[in-house]
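Below is one structure, written out as structure tokens, with a few remarks after it.
Below, read A as the first sequence line, B as the second, and so on, with proteins coming before strands; counting in each chain starts at 1.
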Protein chains: 2
Amino acid sequence: MARPRKRDYETLRRELIDAGGRILAAEGPAALSTRRVAQETGTSTTAVYSLFGDKAGLLREMFLEGFDRLAAAFAAVPRTGDPLADLLALGDAYRANARANPHLYELMFGRPVPEFQPDAAAAGRIQPTFDALVEACGRCVDQGVFTDIGAYPIAVQLNAMAHGLCSLELRGALGDEDEANAHWTRSFASLTRGLAA
Amino acid sequence: MARPRKRDYETLRRELIDAGGRILAAEGPAALSTRRVAQETGTSTTAVYSLFGDKAGLLREMFLEGFDRLAAAFAAVPRTGDPLADLLALGDAYRANARANPHLYELMFGRPVPEFQPDAAAAGRIQPTFDALVEACGRCVDQGVFTDIGAYPIAVQLNAMAHGLCSLELRGALGDEDEANAHWTRSFASLTRGLAA
DNA sequence: CGTGGTTACATAACAGTGTTACTAAACCGT
DNA sequence: ACGGTTTAGTAACACTGTTATGTAACCACG
């Protein structure tokens, strides 16, 4: 009935997203063009527009891919009997993910590409990963580690601190890796101490 | 000896920077083009390239303009006998400046425009405003408000928290203004409590 | 009082971008 | 075999940053 697709719909989709991620990581947002990702995957710009509708659509998928990776990193954090340690482990996972995918991190939490800013639907995908943080905070409250001002406000504070530190570190403002480590541990020590019961 | 300048060198320079700021605030980074700022100031793109060398050069000046405004906001914060109150006032000034100039804030601390990222010289201009924060932290340490882990590490923690909260708020992730206010006060209450002696 | 030289400025061209018509190609039901 | 329908690639449009080219304005000098 119709001309068959050269590649599987899903594989082409993934190839384009991956190519975008590779270009973004290797050469930054300025090099990320529809022609480039199309050429990189051996197809034409039409693919981008039929699959994603838009360059923003492609960026949206890369954005979501970034959150999938973060969610996977969070899921890999074990749930021990020490909720505070779990919380700090989540922070480490957040940081490691940001360092491993700096450009995706910028795409997710910065605003590096003017063509795209997360819509409500995309922002909704953030929720699950944030829920993991809230859940861990809730366990800290339940076990009396933190004073109960609500798990959500606590999560916001930790999130703000983690994001702020990531921003500074990715910008190189936290010195070398040892210094950055020290800033991270000190910062979360202060904050969790202030949150403690 | 030569054709005289239509406008004063400095005034044209300022007009271009202001036009850039206006466009950035009104229509976002996507609308910020050399043709546009030139047209807006009644001149041609040549002015941008002869004065700033580059679009990145114009962005650089806007970036520095943003820091000048932040520095002015910091300078307007009075120095009372209560260093902790002064510190919180600095935080409020930081937040107010970010809310008043959201696109400049993105240019300064986000990475919204791919054509430009702050070079070392521009980054050096950040120092004075950060020094004001370090100084206030130092006074807190001196008066025994904070445990002495060093004024600089303390400033980094406060800076990270402030930037993290600003990012979340500008993204609309902190709810309406009342909720955002609550998050700000709670967060700095926790952090300063954790830093307290 | 011309006139040449030097500088300022504007226009237009170049390469590259996102985006979208248009056209060719390939399959499958008839 | 053939025709209809869907896919995919090409090329065009309007835009971007950037640069080269041409023109206009002034002043020193003859």
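Checking the phosphate oxygens (OP1, OP2) of D:dT7, no side-chain nitrogen or oxygen of A:S50 falls inside 4.0 Å.
Closest approach to the A:T45 side chain among D:dG17, D:dG9, D:dA11 is made by D:dA11 (side chain taken as heavy atoms from C-beta onward). With D:dA20, C:dT19, D:dA8 as the choices, the nucleotide that has an atom nearest any side-chain atom of B:T46 turns out to be D:dA20.
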*salt bridge (Lys or Arg N to Asp or Glu O under 4.0 Å) assessment of B:R139 paired with B:E135*: CA-CA 6 Å; B:R139 283 192 293 134; B:E135 190 265 348; 3.5 Å; yes

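One can place NZ of B:K55 at 12 Å from C1' of D:dT18, the figure rounded to the nearest angstrom. Distance, B:Y49 OH to D:dT19 C1': 9 Å, rounded to whole Å. Atom-to-atom, CG of A:L16 to P of D:dA8 comes out at 11 Å; the value is rounded to the nearest Å. Put simply, CG on B:L51 is 11 Å from C1' on C:dA8, counting in whole angstrom units. If you take CG of A:L32 and C1' of C:dT19, they are 15 Å apart, rounded to a whole angstrom. Across the protein-nucleic acid pair, A:I23 atom CD1 and C:dG18 atom P stand 10 Å apart, rounded to whole Å. Between the P atom of C:dA8 and the CG atom of B:L12 lies a distance of 12 Å, rounded to the nearest Å. Atom pair A:L59:CG and C:dT17:P shows a separation of 15 Å (rounding to whole Å applied).
Interatomic distance, A:N97 CG to A:F74 CZ, rounded to the nearest 0.5 Å: 8.0 Å.
Applying the 6.0 Å contact sphere to CZ of B:R79 captures no more than 12 heavy atoms from other residues, nucleotides or ligands.
A donor N or O paired with an acceptor N or O is not found under 3.5 Å between the base of D:dG17 and the side-chain atoms of B:T34.
Two residues, A:R36 and A:G53, neighbour DNA chain C, and the one matched to the more 5' nucleotide by heavy-atom proximity is A:R36. Checking A:R35 against A:S44, the closest nucleotide of DNA chain D that is more toward the 5' end is the one next to A:S44.
In this view, A:Y49 satisfies the ring pair (Phe, Tyr, Trp, His ring centres under 6.0 Å) rule with no residue, not counting sequence neighbours. Residues passing the side chain to side chain donor-acceptor pair (under 3.5 Å) test with B:N159, sequence neighbours excluded: none.
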